[in-house]
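A short write-up of the structure that comes next.
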Number of protein chains: 2
Amino acid sequence: MAKHENVSLSVIRRLPRYYRFLGDLLKNGIHRISSRELSLKMGVTASQIRQDLNCFGGFGQQGYGYNVEALHKEIGSILGIDKGLDIILLGAGNLGRAIASHMSFDSRGFNLIGIFDVSEDIIGQTIRGIRVSHADTLPEFCRQRRPKVAMLCIPKNSAQEIADNLVELGIRGFWNFSHYDLALDYDNIVVENVHLGDSLMTLCYRVNEVLEQNPEGPQEKE
Amino acid sequence: MAKHENVSLSVIRRLPRYYRFLGDLLKNGIHRISSRELSLKMGVTASQIRQDLNCFGGFGQQGYGYNVEALHKEIGSILGIDKGLDIILLGAGNLGRAIASHMSFDSRGFNLIGIFDVSEDIIGQTIRGIRVSHADTLPEFCRQRRPKVAMLCIPKNSAQEIADNLVELGIRGFWNFSHYDLALDYDNIVVENVHLGDSLMTLCYRVNEVLEQNPEGPQEKE
DNA sequence: TAGATTGTTAATCGATTAACAATC
DNA sequence: TAGATTGTTAATCGATTAACAATC
């Protein structure tokens, strides 16, 4: 629980992956692991693991390694998974509905408490036991429940305006699936952009690259 | 169309974003832009833009800047959007169906040509005009159509085994939504992991961080 | 104690930014 | 021509890796 400010975003973004691998080890009944062993499993260097963890404190023991359960719990606590932030979903179309239905919010630090849309076809539907409400009721809802995070699965065009409104209503973080880069316009507000289209185009480049370099396919597994 | 090997992944990952912003400019009837102007819009440095573009060639003109349409087209060509790689979807549950329905594959360099699942409830459904087939028919399909890329929306447990089979069947790239890190095990195969859960947990950390540092919310917009 | 492995400092590497000569 | 802005080299910055003393 030490104060750990100024940890770089590169390090933060690796924490969930550590958490995932440690969870797997735990499930497999492994109680102890060295940075070296973990590095081999994860395909990173042992140095990086030790450096990353030591941003937050000394969780290991010389000559022994790390206790898997303790470290897993510790990283969960650093990420703030126990905090249970309230989150709302804006836009319950295909993608919003799928992710809301599919994603385990609870085990990742969030409670989904509200879903909003503007389409009459969608309003009234139930997703994960939550009734989709009209976006007009959002201000009142926010004043009552004070959610801090919003997931945006809305069209690009409306993203900026809706985000502005949500900030007025007290939203401090966005999980943004719209194809619009919100990050630029706010200070003191966190935006996590998920640009699936960009990811797909990066894949396009890389596949075409390997196809050019080696059209035949892999001769052997690594 | 110059040979441009050894361009770092950091640069590649920025290309789709340039492409997106240039597409917007084009839509807004802007025909010319300097690296300085673009840098302000995108929230990056002009230096970075010029460096990135010059990995692939000199697309600008001193004293003038860049022609938006030409640059947009050029980046599209670098990404290989015109190639139209065939892609198949494995797993047509909530998430797979949503993304398959939602994503514009065509404008990002792919043709979706097949969808496969193992659930009898899902097989026979039609998504984007494509009938969901039984995964048993996959080997035959691949031998006939030779798709090069697969999108994986399957459970973590089966991911590795299915990916192994797909590599045998000639798949060279994966767009991986399963919570399993495929990348480690193959050489000469491209994996683009989309870990939505990791993204959500990173958001969890960052929101809790700003809430601690500034519980009151932003005093003013940046 | 001896062996193992951490925590941490120092060295290396790569990516970003700044500067400016080339040139439209 | 003069002004603007690129392409490109050099400087800076940050992140990763290596090394090793501390210590369990």
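A note on names: the letters A, B, ... follow the listed sequences, proteins ahead of strands, and every chain is numbered from 1.
Residue Arg14(B) places at least one side-chain N or O under 4.0 Å from the OP1 or OP2 atom of dT16(C). Here Gln48(A) reaches the OP1 or OP2 of dT16(D): one of its side-chain N or O atoms lies under 4.0 Å away. Taking side-chain N and O atoms only, Tyr66(B) has a distance below 4.0 Å to OP1 or OP2 of dG7(D). OP1 and OP2 of dG7(D) both lie 4.0 Å or more from every side-chain N or O belonging to Arg50(B). For the OP1/OP2 pair of dT5(D) and a distance below 4.0 Å, the side-chain nitrogens and oxygens of Ser35(B) include no atom meeting the criterion.
Gln62(B) has its CD atom 6 Å from the P atom of dC24(C), to the nearest Å. When the C1' atom of dT6(D) is taken as reference, atom CG of Leu71(B) falls 13 Å away, rounded to whole Å. The CG-P distance, from Asn54(B) to dA15(C), rounds to 17 Å in whole Å. In this structure, Phe56(A) places its CZ atom 18 Å from P of dT6(C), rounding to the nearest Å. Rounded to a whole Å, the CE atom of Met42(A) is 13 Å from the P atom of dT17(D). In this structure, the CZ atom of Arg32(A) is 6 Å from the P atom of dT5(C), given to the nearest Å. For Asp52(B) and dT16(C), the CG to C1' distance is 10 Å, given to the nearest whole Å. The CG-C1' distance, from Leu53(A) to dT6(C), rounds to 11 Å in whole Å.
Ser34(B) comes within contact range of the sugar-phosphate backbone alone, with a heavy-atom separation under 4.0 Å but no base atom that close. Thr45(A) comes within 4.0 angstrom of the backbone, heavy atoms only, and of no base.
Taking a 6.0 Å sphere around CD of Gln213(B), one finds it holds more than 12 heavy atoms contributed by other residues, nucleotides or ligands. The local environment of NZ in Lys83(A) is crowded, with over 12 non-hydrogen atoms from other residues, nucleotides or ligands closer than 6.0 Å. Applying the 6.0 Å contact sphere to CZ of Arg128(B) captures more than 12 heavy atoms from other residues, nucleotides or ligands.
Pairing of dA22(C), defined by two Watson-Crick or G-U wobble distances under 3.5 Å, is identified with dT5(D). Across all strands shown, dG14(D) forms a Watson-Crick or G-U wobble pair with dC13(C), both key distances being under 3.5 Å.
Under 4.0 Å is where a charged nitrogen must lie from a carboxylate oxygen, and between Arg20(A) and Asp181(B) at least one such pair does.
Closest contact between the side chain of Ser10(B) and the listed nucleotides dC24(C), dT16(C), dT8(C) involves dT16(C). Closest approach to the Ser8(A) side chain among dA15(D), dA15(C), dA22(D) is made by dA15(D) (side chain taken as heavy atoms from C-beta onward).
The residue among Leu9(A) and Gly63(A) whose nearest nucleotide of DNA chain D lies closer to the 5′ end is Leu9(A). Each of Tyr64(A) and Gln51(B) was matched to the nucleotide of DNA chain D holding its nearest heavy atom; the match closer to the 5' end belongs to Gln51(B).
With Asn176(A) as the partner, the side-chain contact (heavy atoms from CB on, under 4.5 Å) test is satisfied by one option alone out of Asn193(A), Ile154(A), Val194(A): Asn193(A).
Checked by distance alone, Ser47(B) brings a side-chain donor or acceptor within 3.5 Å of a matching partner on the base of dA18(C).
Between the side chains of Arg97(A) and Asn94(B), no donor-acceptor pair is found at a separation under 3.5 Å.
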